[in-house]
Amino acid sequence: MTKHDDALTEPRDNFIIDAVAEDLAAGRYTRPVCTRFPPEPNGYMHLGHAKGATIAYGVAQRFGGLFNLRMDDTNPAAEDQVFVDAMIEDVAWLLGCDLEGRVFYASDYFDQLYQYALQLIDKDLAYVEELTLEQIREYRGNFFKPGRPSPWRDRPVADSRRLFEEMKAGQHAPGSLTLRAKIDPAHGNMNMRDPVLYRILDQTHHRAGPWRIYPMYDYAHPLSDAIEGVTHSTCGKEFADHRPLYDWCLANVDIVEPPRQIEYAEIGITGVVLAKRHLRKLVESGVVERWDDPRLPTVRGLRRRGVPAEAIVRFCEELGVSDGSPGSVDTARLEATLRDYLNAEVPRVMGILNPLKVTIENIPEGQVEQLDAPFMPDSDAHGSRSLPFSREIYIDRDDFMKDPPKKYYRLAPGREVRLRYAYVLACTEVIEDPETGEVLELRGTIDPDTKGKNPADGRKIKGTIHWIDAGAAVPAEVRLYTNLFTDALEAFDGSQAIQDYVDPSSLELVTGALVEPSLRDAKVGHRVQFERVGYFAVDPDSESAGHLVFNRTATLRDNKFKKIFKG
RNA sequence: UCGGGUAUCGUCUAAUGGUAGGACAGCGGAUUCUGAUUCCGCCAAUCAAGGUUCGAGUCCUUGUACCCGAACCA
């Protein structure tokens with residue numbers, strides 16, 4: 001079922017797995033273990049969803065069971081088919097599976113759900129309410145004040161049944177009537193104070209068609225789980241208070257071996273905003289262009305940035321599942337997992353963000369040497385390519401300094417560096433703009449006896465830099481991303497405008513970059529490491545832009561280098 | 001003030017009455033034709049107070065702190 005080799009095969013044991021194992025041992029279910037990921041199709045999938053999907057999928061995998069993707073599409077006012085399609089695509093990509101026909105819709109159960117509601121009415125466990133929204137709220141009380149019974153609570157069963165049928169038939173105005181469970185108006189748990197089961201909506205369902213009554217989450221969810229044969233229904237702890245109602249619904253209609261809801265602690269990520277309304281605000285206000293902006297924590301955004309699905313899944317798994325109180329992990333954790341994956345999997349190439357020309361005076365004009373360079377050092381994993389090398393090359397401006405500090409072991413006047421996979425280069429001359437002092441070009445010589453070996457006289461070359469032959473360099477655009485938000489986000493409590501926390505330099509556009517010739521026909525999505533620079537992926541814009549566009553997926557760690565300049 | 005939940009290194013997470021462990025972050029060092037990777041080392045925790053027990057992070061009592069909950073949203 002999965003295409004990911006290592007990531008999902010052996011999820012770590014956790015308290016959910018223990019609970020499922022206990023249920024199995026106790027013989028609670030005669031059907032196979034089945035879990036589900038139940039997004040509402042009213043937005044794009046993000047990291048928070050990814051964790052939920054990973055957990056549910058992992059439990060199913062662990063027990064050789066089934067995994068359902070179910071659209072919790074019970075509120076047509078908020079939902080849309082484009083989100084349904086996007087969600088299916090994202091989940092399939094993330095999990096690396098084709099879902100094998102296991103995509104379901106709560107809206108497909110509307111008829112069955114209606115029948116169950118009739119059962120509740122007939123058992124005098126549900127009644128049709130005539131109170132308005134405001135009245136219901138007032139009657140319900142609050143945390144400190146118990147609710148009191150609705151005057152319609154003891155309406156005869158036959159009346160409720162007739163009214164409910166009329167609601168379905170569209171004979172009552174939206175908001176005029178609801179169906180309520182008859183549980184306990186004064187219950188300590190607010191969810192149990194005669195919760196609304198059905199409301200009338202003047203909406204046609206994007207999938208189910210011309211319905212007029214729509215089930216509420218608390219009613220539709222447990223029954224949808226049961227209808228699908230779900231055994232274990234995982235969700236965030238914010239639903240723990242809903243579990244009694246989940247169980248009540250299942251216990252009072254005609255259902256055997258009811259599914260079991262298990263809540264785990266949702267976890268935040270520092271520096272990341274997941275709330276749908278804030279994400280939407282960022283898109284609508286134009287802070288980011290689209291939902292797949294590589295700075296967004298949406299699955300589409302991460303994917304476009306070059307983050308592999310396996311890395312996301314592994315991140316979710318490494319986080320673990322706990323029933324503790326929810327906290328926040330540092331973004332560094334995501335990056336660590338990402339780098340770990342990329343480091344092991346991605347080919348090395350050379351790319352220059354800010355080119356500086358170097359003329360090598362002891363190479364004759366017109367001479368081109370082909371140098372063999374592996375795509376993965378010390379490994380045959382990706383084979384190798386041939387790099388042209390001639391009199392004119394480019395290096396990165398960051399790799400040259402006129403007046404370098406002591407520990408700077410790259411190029412400087414009179415100093416030597418190793419050109420990666422080539423020769424040792426000495427800088428003999430710096431050509432500057434006489435007015436601005438800007439370095440225009442360097443001249444130097446190579447030591448011809450240093451290909452594949454160190455200088456014979458034993459001198460140590462401490463630095464190695466990347467380069468690209470001037471005649472073969474391919475122009476490219478590079479987009480450098482950092483966190484979308486400034487550190488001020490820490491103080492964000494959800495009430496301010498999220499746009500005010502956006503870091504305007506979170507995207508840096510580099511238009512004059514150069515990449516090595518092996519990348520000329522790189523496909524969209526292709527991931528590489530520009531040696532010494534970072535990890536990059538080819539952006540879809542490459543197809544329309546007429547040149548290669550790379551997104552920086554992650555930087556390389558640079559813990560030692562920082563110190564050279566910061567003392 | 002009601003209901004539910006949770007307290008373990010800075011962070012996330014193990015330890016199911018028997019050596020408090022791992023990962024991330026941080027800090028040292030070694031190796032390196034990527035200042036990457038890799039390797040080694042260091043730092044660092046059981047919310048508090050009582051109790052049960054040969055033995056408590058785990059069980060009990062009391063207290064404290066934090067999270068969630070008052071849509072005809074999910």
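The structure presented is a predicted model; accordingly, all values stated were derived computationally and were not measured. Only heavy atoms go into these numbers, but all of them, side chains included; no hydrogens, no water, no symmetry mates.
- Residue A:Pro244 is out of contact with every strand shown, counting any heavy-atom pair closer than 4.0 Å.
- Distance check, rounded to the nearest 0.5 Å: CG of A:Leu245 to NE2 of A:His221 gives 12.0 Å.
- The gap from the C1' atom of B:C59 to that of B:U46 amounts to 15 Å, rounded to the nearest Å.
- Among the heavy atoms of the strands, none lies under 4.0 Å from A:Glu129.
- The aromatic ring centres of A:Tyr535 and A:Phe550 sit 6.0 Å or more apart.
- Contacts with RNA chain B (heavy atom under 4.0 Å) in residues 195-206 of chain A: A:Val196, A:Arg199, listed by number.
- The residue A:Leu342 sits apart from the nucleic acid: no heavy atom pair falls under 4.0 Å.
- The salt bridge (charged side-chain N to carboxylate O under 4.0 Å, His left out) test applied to A:Arg418 returns no partner, not counting sequence neighbours.
- B:A25 sits 15 Å from B:A45 when the C1' atoms are compared, rounded to a whole Å.
- With a glycosidic angle no more than 90° from 0, B:A71 adopts the syn conformation.
- Residue A:Gly452 is in base contact, counting any heavy-atom pair closer than 4.0 Å across all strands shown.
- Within a 6.0 Å radius of CD in A:Glu369, more than 12 heavy atoms belonging to other residues, nucleotides or ligands are found.
- Judged as a ring-ring contact (aromatic ring centres under 6.0 Å, His included), and not counting sequence neighbours, the contacts of A:His49 are A:His46.
- Taking the P atoms as reference points, B:U13 lies 26 Å from B:C40, given to the whole Å.
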(message) For a ring-ring contact (aromatic ring centres under 6.0 Å, His included) check, start with the C-alpha distance between A:Tyr421 and A:Phe389, then their side-chain angles and the critical distance, and finish with the verdict.
(response) CA-CA 10 Å; A:Tyr421 298 126; A:Phe389 178 67; over 10 Å; no

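- For A:Arg410 and B:C33, the CZ to P distance is 17 Å, given to the nearest whole Å.
- When the C1' atom is compared between B:C2 and B:C9, the two are found 36 Å apart, to the nearest whole Å.
- For A:His187, there are no ring-ring contact (aromatic ring centres under 6.0 Å, His included) partners, not counting sequence neighbours.
- Residue A:Ala336 is the one, among A:Ala336 and A:Ile136, whose nearest nucleotide of RNA chain B lies closer to the 5' end (criterion: closest heavy atom).
- In this structure the side chain of A:Arg36 reaches within 4.5 angstrom of the side chain of A:Ser233, judged on heavy atoms.
- Looking at the side chain of A:Glu40, the nearest of the listed nucleotides B:G35, B:U34, B:A74 is B:A74.
- Taking the six-membered ring for Trp, A:His242 and A:Tyr246 have ring centres at least 6.0 Å apart.
- A heavy-atom distance below 4.0 Å to RNA chain B is reached by these residues of residues 71-79 of chain A, ordered by number: A:Asp72, A:Thr74, A:Asn75.
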(message) Checking A:Tyr217 against A:Phe239 for the ring-ring contact (aromatic ring centres under 6.0 Å, His included) test, could you report, in this order, the C-alpha distance in whole Å, the side-chain angles of both residues, the deciding distance, and whether it holds?
(response) CA-CA 11 Å; A:Tyr217 166 86; A:Phe239 289 102; 5.2 Å; yes

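- Picking from B:C68, B:G35, B:A71 the nucleotide with the shortest atom distance to the side chain of A:Asp241 gives B:C68.
- For the residue pair A:Glu129 / A:Thr178, no side-chain donor-acceptor distance below 3.5 Å is found, with atom types taken as modelled.
- By the 4.0 Å N-to-carboxylate-O rule, A:Arg339 lies close enough to A:Glu335 to be salt-bridged with it.
- Ring centers of A:Tyr214 and A:Tyr198: at least 6.0 Å apart, outside the cut-off.
- The OH atom of A:Tyr127 lies 13.5 Å from the CG atom of A:Leu163; values are rounded to the nearest 0.5 Å.
- Side-chain rings of A:Tyr114 and A:Phe164 approach one another, their centers coming within less than 6.0 Å.
- For B:C42 and B:C47, the C1' atoms lie 27 Å apart once the distance is rounded to whole Å.
- A:Arg70 forms no cation-pi arrangement with A:Phe104, by the criterion of a distance under 6.0 Å to the ring centre and an angle within 45° of the ring axis.
- Side-chain nitrogen and oxygen atoms of A:Arg140 include at least one within less than 4.0 Å of the OP1 or OP2 phosphate oxygen of B:C72.
- Under the stacking criterion of a centre-to-centre distance below 5.5 angstrom and an interplanar angle below 30°, A:Phe143 sits stacked against the six-membered ring of B:G69.
- Residue contacts shown for A:Met192 are absent, as no nucleic acid heavy atom lies under 4.0 Å away.
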Pick out the pairs of N or O atoms, protein on one side and nucleotides 6-11 of chain B on the other, that lie under 3.5 Å.
unit_1, atom_1, unit_2, atom_2, d
B:U6, O2', A:Ser325, N, 2.9
B:U6, O2', A:Ser325, OG, 3.4
B:U11, O3', A:Ser328, O, 3.4
B:U11, O2', A:Ser328, O, 2.9

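- Side-chain atoms of A:Glu318 stay outside donor-acceptor range of the base of B:U13, with no qualifying N/O pair under 3.5 Å.
- At the heavy-atom level, A:Tyr421 lies under 4.0 Å from base atoms of the strands shown.
- Side-chain proximity of A:Tyr408 to B:C33, B:U34, B:G35: nearest is B:G35.
- For residues 136-147 of chain A, the side chain to side chain donor-acceptor pair (under 3.5 Å) pairs, not counting sequence neighbours, are A:Glu138-A:Arg148.
- Remark: A:Thr178, A:Gly188 in residues 176-188 of chain A come within less than 4.0 Å of RNA chain B through at least one heavy atom.
- When each of A:Pro38 and A:Lys462 is assigned the nucleotide of RNA chain B with its nearest heavy atom, A:Lys462 is the one assigned upstream, toward the 5' end.
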Restricting both atoms to N or O, compile the protein contacts to nucleotides 37-43 of chain B shorter than 3.5 Å, with distance only.
unit_1, atom_1, unit_2, atom_2, d
B:U37, OP1, A:Arg557, NH1, 3.0
B:U37, O2', A:Asn343, ND2, 3.0

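- Counting to the nearest Å, the P atom of B:G5 and the CD1 atom of A:Ile267 are 21 Å from each other.
- Across all strands shown, A:His242 has heavy atoms under 4.0 Å from base atoms, whether or not it also approaches the sugar-phosphate.
- Of the residues listed (A:Glu317, A:Glu318, A:Arg314, A:Glu310), the one engaging A:Thr337 in a side-chain hydrogen bond (donor to acceptor under 3.5 Å, both in side chains) is A:Glu318, and it is the only one.
- In this view, A:His278 and A:Phe492 satisfy the ring-ring contact (aromatic ring centres under 6.0 Å, His included) rule, not counting sequence neighbours.
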(request) Give the dot-bracket string for RNA chain B, reading 5' to 3', where a pair is Watson-Crick or G-U wobble with both distances under 3.5 Å, ( ) marks pairs inside the strand, [ ] marks pairs crossing earlier ones, | marks a partner on another strand, and . marks unpaired. (result) .((((((..((((....[..)))).(((((.......)))))....(((((..]....))))))))))).....

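- Contacts of A:His205 classified as ring-ring contact (aromatic ring centres under 6.0 Å, His included), with partners at least two apart in sequence or in another chain: A:Phe110.
- In this structure, the aromatic ring of A:Phe144 is not positioned over the six-membered ring of the base of B:C2 within 5.5 Å between centres and 30° between planes.
- For the pair A:Glu263 and A:Arg243, the salt-bridge criterion is met [side-chain N within less than 4.0 Å of a carboxylate O].
- The same atom, P, is picked in B:G3 and in B:U62; the two are 15 Å apart, to the nearest Å.
- Taking the C1' atom of each, B:U61 and B:A56 are spaced 15 Å apart, rounded to whole Å.
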